[in-house]
Amino acid sequence: MPELPEVETVRRMLAAHVPGKRVATAAVSRHRLRTQSLAALPKQLEGRAFAEPRRTGKFLFLDLDGGMTLLSHLGMSGRWLFSPAGVDALDEAMPHVHLRLTFEDRSRLWYQDIRRFGMLRVVPLDRLAKDPSVKLLGPDPLEQPPTAESLRACAKGSRVAVKTFLLDQRKLAGIGNIYASEILFRAAIDPRRAAGALSLAEWARVAPEIGAVLGDAVARMGTTFSTYRTIWNEPGQYGEQLLVYDRPGQPCRRCGGEVKRFVQGGRATFWCPACQRGRGNTRKHAQS
DNA sequence: ATCCTATCCTGTAGGC
DNA sequence: TGCCTACAGGATAGGA
């Protein structure tokens, strides 16, 4: 769903269009996200101008003038949708739209979130680092590329499965369920292995694949598995590149064996047992 | 401290 | 055909 590559795609597109634009009107039409009310947003946003948007992991920081930022997380199904001035790209009948921003130049930016798992709140910039959602985030792998040594140190003593480890936003910020499976397949690591049991040589296979997979996915504007769209309401193209995710029962693109699916920590994992042969220290999880 | 499960939400896919 | 249930997974609270 929206993971680092999808959020970075949205950030880049917003960076090309919203900096310098000032909010003329802000209207909330669906008042509740999962954890908070959006009722305060119009007053907090009207009259503010957007600056260059930033990102850490899956979080967007849509900086505003006046020392504030609009903290945004897309959750499962959040979308920022843009319509330039003089263009009618946004449909008033579109369901599940929470927030409608109209800028002084008549361009528009909407937030839509079918499943309401997203997060949207205005935070003073000087308190952003203390925000409960932001303060625990680990390094962003595109900003600070992990090394074999940093990954091994970070995983030291951890008995969770390496797949689950990659999903932990406190360790690395930005990897989600799609790319975790892809990274481990390309690194030829058994996803059930305990993270703390991987050797330096094995982490040396994982580290470059993190950057390669996320970088390729950014270049293709992310993966549209179900609901993700760019600000132009277009799907991402990385789905064509997926090697194991959502391919259970199909032939492995590397060895021709069968891609398998099982559940780890309540999330689907896809892998090729032949290509990702384990070497002991695996964590058992319920199969399904 | 560490790990694990349940929860939120809605559209979609599958079974009968 | 149509209803019903299970399933998908971001973060996080709370329990073991």
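Convention: sequence-line order gives letters A, B, ...; per-chain numbering from 1. Nothing here was measured: the structure is a model prediction, and the numbers come from that model.
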Hydrophobic cluster partners of A:I114 (side-chain heavy atoms under 4.5 Å) = none
Using links of under 4.5 Å between side-chain heavy atoms of ILVMFWY residues, direct or through other members, which residues join A:L81 in one cluster?
-> A:L90, A:M94, A:V97, A:W110
Compare side-chain N and O positions of [X] against OP1 and OP2 of [N] and report whether any pair is under 4.0 Å apart.
X      : N      : value
A:Y245 : C:dG9  : yes
A:Q169 : C:dG10 : no
A:H96  : B:dG11 : yes
A:R32  : B:dC9  : yes
A:R115 : C:dG10 : no
A:H73  : C:dG10 : no

For A:D246, which residues count as a salt bridge (charged side-chain N to carboxylate O under 4.0 Å, His left out) partner, sequence neighbours excluded?
-> none
Excluding sequence neighbours, so at least two apart, what forms salt bridge (charged side-chain N to carboxylate O under 4.0 Å, His left out) with A:R34?
-> none
Roughly, in whole Å, what's the span from [atom1] in [X] to [atom2] in [N]?
X      : N      : atom1 : atom2 : value
A:L120 : C:dA11 : CG    : C1'   : 16 Å
A:M76  : C:dA11 : CE    : C1'   : 11 Å
A:F270 : C:dC7  : CZ    : P     : 13 Å
A:D246 : B:dT12 : CG    : P     : 16 Å

Can you name the residues that form a side-chain hydrogen bond (donor to acceptor under 3.5 Å, both in side chains) with A:H17, not counting sequence neighbours?
-> none
Select from A:I114 and A:R170 the residue whose nearest nucleotide in DNA chain B is closer to the 5' end of that strand.
-> A:R170
With sequence neighbours excluded, tell me which residues meet side-chain contact (heavy atoms from CB on, under 4.5 Å) with A:D131.
-> A:L71, A:R121, A:V123, A:S133, A:V134
What side-chain donor-acceptor pairs closer than 3.5 Å can you find for residues 248-258 of chain A, not counting sequence neighbours?
residue, atom, partner, partner atom, Å
A:R253, NE, A:L242, O, 3.3

State, without any angle test, whether A:W271 and A:S181 hold a side-chain donor-acceptor pair at a distance under 3.5 Å.
-> no
Do you see a donor-acceptor pair shorter than 3.5 Å between the side chains of A:Q264 and A:T269?
-> yes
Between protein and nucleic acid, restricted to nucleotides 12-16 of chain C and to nitrogen or oxygen atoms under 3.5 Å apart, what atom pairs and distances do you find?
residue, atom, partner, partner atom, Å
C:dT12, OP1, A:S133, OG, 2.7

With pairs defined as Watson-Crick or G-U wobble and both distances under 3.5 angstrom, please note down DNA chain B as a dot-bracket string, | for pairing with another strand.
-> .|||||||||||||||
If you check every side-chain atom of A:K58, which of B:dC3, B:dT10, C:dA11 has the closest atom?
-> C:dA11
